[in-house]
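Data block below; observations after.
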Amino acid sequence: MTPHRLALYWAPEEADPLHARGSAWLGRDAATGAAVPQPAVDGIDIAQVTADPRGYGLHATLKPPFRLRQGYAAARAQAAALAARTAPFALPPLAVHDLDGFLALRETAPCPALHAFADACVTALDDHRTPPDAAEIARRRPERMSPSQRAHLDRWGYPYVFEEWRFHVTLTRRLLPEEKAVLMPAVTAFLGDAPARPRRVEAISLFVQPAPGAPFTIAERLPLRG
């Protein structure tokens with residue numbers, strides 16, 4: 001059955017300690033779909049502040065979720081071709097950052113290979129993307145976007161691609177300052193040294209959403225073989 005939406009993400013390998021720690025923080029393992037007990041944080045409803053990222057799974061976006069035009073098999077074949085011509089590369093150490101009010105893991109040093117990888121994911125599968133309808137575009141609030149973001153929304157179905165893209169692994173919803181003061185040290189301590197460990201980007205992770213509103217899960221990881 002064709003999933004409702006497909007996304008190309010980076011996600012830590014299941015053997016990577018960041019997978020276990022990050023999944024526990026969010027409360028769900030995107031590899032298995034299983035709920036995972038979350039840590040307690042004094043004065044914070046951890047399930048509520050992580051509800052949005054929990055639905056998408058622990059990941060960083062390469063090509064954002066899109067509805068399939070030609071079915072899963074055709075898109076999967078195109079993603080596999082991209083993986084076959086892309087060489088693995090080192091990912092800089094990650095650390096918790098405040099990203100426009102959200103807490104997220106971000107790289108601690110520039111990584112041109114990472115940005116090029118994201119750009120390639122956007123373009124390589126675009127023929128398989130069903131364009132958003134007027135209601136979907138309106139929900140993005142295009143009147144608040146920069147000219148560049150609006151142009152990307154019209155052309156690629158998403159405003160934050162190419163020069164607007166930023167690698168990030170979302171850990172919370174947008175926070176109030178008093179929430180951030182508690183959660184920044186809490187998530188940093190909970191993740192420990194896992195984000196900063198050496199790792200390589202060695203696969204494209206295909207995440208699927210089986211039905212509208214359903215959580216995303218990892219359908220498969222396509223190894224980079226370039």
Side-chain angles (χ1 to χ4, degrees), residues 1-14 16 19 30-31 56-92 94 104-107 110-133 136-137 140 142 145-170 199-210 212 214-226:
M1 185 175 68
T2 298
H4 175 60
R5 289 194 294 173
L6 170 68
L8 273 59
Y9 289 161
W10 173 81
E13 299 290 336
E14 289 174 62
D16 186 331
H19 172 80
Y56 288 92
L58 187 74
H59 78 281
T61 299
L62 300 171
K63 184 171 180 67
F66 60 96
R67 288 179 288 114
L68 288 162
R69 176 182 281 174
Q70 302 169 48
Y72 179 82
R76 190 258 182 212
Q78 193 69 47
L82 172 61
R85 62 179 183 265
T86 302
F89 57 93
L91 185 67
L94 306 179
L105 292 173
R106 300 207 63 210
E107 71 274 46
C111 185
L114 179 61
H115 213 127
F117 184 42
D119 292 352
C121 287
V122 169
T123 57
L125 270 80
D126 207 58
D127 288 345
H128 298 271
R129 175 179 61 85
T130 298
D133 59 27
E136 290 175 290
I137 290 176
R140 295 269 181 202
M145 294 177 185
S146 70
S148 172
Q149 291 166 354
R150 181 56 202 263
H152 289 325
L153 177 62
D154 291 342
R155 172 61 185 86
W156 303 103
Y158 193 70
Y160 307 111
V161 294
F162 304 114
E163 78 285 353
E164 298 286 346
W165 179 80
R166 291 181 288 180
F167 175 93
H168 62 285
V169 179
T170 305
R199 58 179 53 86
R200 291 172 61 78
V201 175
E202 296 184 324
I204 299 172
S205 292
L206 303 185
F207 276 57
V208 295
Q209 183 185 38
F216 281 78
T217 56
I218 302 174
E220 56 185 315
R221 300 178 193 261
L222 303 175
L224 304 187
R225 301 185 186 278

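This structure is a prediction, so every number in the text was calculated from the model and none was measured.
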### Query
So how far is it from L224 CG to R85 CZ, rounded to the nearest 0.5 Å?
11.5 Å
### Query
Hey, what's the ring geometry for H59 with Y9, parallel, tilted or perpendicular (30° and 60° as the breaks)?
parallel
### Side chain proximity check, E164 to S148, heavy atoms < 4.5 angstrom
yes
### Query
What do the steps show when you test H152 against M145 for side chain to side chain contact (heavy atoms under 4.5 Å, CB included), and what is the final call?
CA-CA 10 Å; H152 289 325; M145 294 177 185; over 6 Å; no
## Note on the structure
When every non-hydrogen atom of R200 is compared with those of A90, the smallest separation belongs to NH1-N, 3.8 Å
### Query
Counting only N and O atoms by type, is there a donor-acceptor contact under 3.5 Å from the side chain of Q78 to the main-chain atoms of A75?
no
### Task
Show your working on side chain to side chain contact (heavy atoms under 4.5 Å, CB included) between Y56 and T170 and close with a plain yes or no.
CA-CA 9 Å; Y56 288 92; T170 305; over 6 Å; no
### Backbone N/O of D127 and side chain of Q70: donor-acceptor pair under 3.5 Å
yes
### Message
Could you check whether any side-chain N or O of Q209 sits under 3.5 Å from a backbone N or O of F216, counting only pairs where one atom can act as donor and the other as acceptor?
### Response
no
### Message
Could you go through R155 and D126, starting from their C-alpha distance and side-chain angles, then the distance that decides it, and tell me whether this counts as side chain to side chain contact (heavy atoms under 4.5 Å, CB included)?
### Response
CA-CA 10 Å; R155 172 61 185 86; D126 207 58; 3.0 Å; yes
### Query
So which heavy atom on R150 is nearest to which on I137, and how close?
NH2-CG2, 4.3 Å
### Query
Going from CZ on F89 to CG on L114, what distance comes out if it is rounded to the nearest 0.5 angstrom?
5.0 Å
### Message
With a 4.5 Å cut-off on side-chain heavy atoms, are R69 and P131 touching?
### Response
yes
### Query
Are L8 and L206 side-chain neighbours, meaning at least one heavy-atom pair lies under 4.5 Å?
yes
## Note on the structure
d(I204 CD1, R76 CZ) to nearest 0.5 Å is 10.5 Å
#### Entry: Taking every non-hydrogen atom, the tightest pair across P210 and V208
CD-O, 3.8 Å
### Query
Any sub-3.5 Å donor-acceptor pair from R106's side-chain atoms to F167's backbone N or O?
yes
### Message
With heavy-atom distances below 4.5 Å as the criterion, would you say the side chains of L6 and F66 are in contact?
### Response
yes
### Query
Less than 4.5 Å apart, any side-chain heavy atom of W165 and any of H115?
yes
### Query
Rounded to the nearest 0.5 Å, how far does CG of L222 lie from CG of L82?
9.0 Å
#### Entry: Taking every non-hydrogen atom, the tightest pair across R5 and P65
NH1-CB, 3.6 Å
### Message
Please evaluate residues F162 and W156 with respect to the criterion ring pair (Phe, Tyr, Trp, His ring centres under 6.0 Å), reporting the C-alpha separation (whole Å), side-chain torsions for both, the decisive distance (0.1 Å), and the verdict.
### Response
CA-CA 10 Å; F162 304 114; W156 303 103; 5.3 Å; yes
### Message
Can you confirm whether T61 sits close enough to Y160 that some side-chain heavy atom of one is under 4.5 Å from a side-chain heavy atom of the other?
### Response
no
### Message
Could you report the tightest heavy-atom contact between G226 and P88, atom names first, then the distance?
### Response
O-CD, 4.1 Å
### Task
Please lay out, stage by stage, how L94 and E107 fare under the test side chain to side chain contact (heavy atoms under 4.5 Å, CB included).
CA-CA 5 Å; L94 306 179; E107 71 274 46; 4.2 Å; yes
### Message
Could you check whether any side-chain heavy atom of D119 comes within less than 4.5 Å of a side-chain heavy atom of T123, counting everything from C-beta outward?
### Response
no
### Query
Hey, what do you get for NE2 (H4) to CZ (R67), rounding to the nearest 0.5 Å?
6.5 Å
### Query
Under a 4.5 Å cut-off applied to non-hydrogen side-chain atoms, are R221 and E14 in contact?
yes
### Task
Report yes or no: does S146 contribute a side-chain atom to a donor-acceptor pair with the main-chain N or O of Q149 at less than 3.5 Å?
yes
### Query
CD1 of I218 to NE2 of H19: how many Å apart, nearest 0.5 Å?
6.5 Å
### Summary
Nearest heavy-atom contact between P92 and P110 is CG-O, 4.2 Å
